[in-house]
Amino acid sequence: YIVIRRQLRVFLANNSSYVYEEKDASAAPFVIGTVMARKSHAAAAVFYPALGKGEDTQFLKGLKKAVGRGAVWDNPPDVYFRLYHGDNTWDATHFGDQGVLPNEWCQLV
């Protein structure tokens with residue numbers, strides 16, 4: 001399986017976006033919840049738990065146990081975006097809207 005290193009985060013309420021990349025060395029060096037896995041019997045046995053929050057982390061732990069270590073794709077950020085629309089499970093602060101100015105869009109080079 002692979003996970004991605006960065007993603008474009010889009011905020012509808014303030015018409016803005018930025019590129020997210022995990023900078024905390026103590027945290028996972030990838031974006032949680034961005035798993036891509038090849039279909040196999042081992043991977044098919046792993047399910048997302050019925051949790052309100054934290055299910056991505058639990059799923060990744062189960063996948064790692066079932067199929068072994070995955071890889072981190074050093075991807076261009078525009079191949080995956082996360083949309084914050086206001087009714088997400090987590091609030092805007094969780095997605096890092098602090099410091100993102102209204103009507104400010106990141107420049108993808």
Side-chain angles (χ1 to χ4, degrees):
Y1 67 94
I2 64 170
V3 289
I4 65 171
R5 184 168 310 280
R6 34 184 100 70
Q7 72 182 184
L8 180 63
R9 291 192 172 177
V10 178
F11 298 89
L12 290 182
N14 60 356
N15 189 37
S16 62
S17 70
Y18 79 100
V19 173
Y20 173 78
E21 181 175 351
E22 182 58 63
K23 303 289 187 200
D24 184 355
S26 65
F30 56 86
V31 182
I32 298 287
T34 61
V35 181
M36 293 177 275
R38 184 174 304 242
K39 187 174 182 176
S40 69
H41 289 294
V46 182
F47 293 91
Y48 266 84
L51 302 172
K53 295 180 179 178
E55 67 280 0
D56 294 323
T57 301
Q58 295 304 313
F59 177 77
L60 274 175
K61 287 179 180 178
L63 192 60
K64 183 177 179 181
K65 185 176 180 182
V67 301
R69 184 177 177 185
V72 178
W73 177 28
D74 192 14
N75 64 298
D78 58 338
V79 299
Y80 185 96
F81 76 91
R82 176 162 284 170
L83 178 67
Y84 182 77
H85 47 71
D87 287 326
N88 305 69
T89 301
W90 294 91
D91 64 15
T93 304
H94 176 79
F95 294 105
D97 75 331
Q98 318 86 312
V100 178
L101 299 174
N103 303 310
E104 182 175 293
W105 288 81
C106 63
Q107 298 296 316
L108 299 173
V109 182

For a 4.5 angstrom cut-off between non-hydrogen side-chain atoms, does [X] reach [Y]?
X: Tyr20; Y: Arg82; answer: no
X: Val31; Y: Tyr80; answer: no
X: Glu104; Y: Tyr18; answer: no
X: Val10; Y: His85; answer: no
X: Leu60; Y: Phe30; answer: yes
X: Lys61; Y: Gln58; answer: yes

In one Ile/Leu/Val/Met/Phe/Trp/Tyr side-chain cluster, 4.5 Å: [X], [Y]:
X: Ile2; Y: Ile4; result: yes
X: Ile32; Y: Val3; result: yes
X: Trp105; Y: Leu12; result: yes

Considering all heavy atoms, the nearest [X]-[Y] contact:
X: Ala42; Y: Val67; answer: CB-CG1, 3.7 Å
X: Asn75; Y: Arg6; answer: O-NH1, 2.7 Å
X: Asn103; Y: Ser16; answer: N-CB, 4.3 Å
X: Gly68; Y: Tyr1; answer: O-CE2, 3.2 Å
X: Val46; Y: Gly62; answer: CG2-O, 3.7 Å
X: Leu8; Y: Val19; answer: CD1-CG2, 4.4 Å

Are more than 12 heavy atoms, taken from residues, nucleotides or ligands other than Lys53, located less than 6.0 Å from that residue's NZ atom? yes
Anything under 30° is parallel, anything over 60° is perpendicular, the rest tilted; go ahead and classify Phe11 against Tyr84. tilted
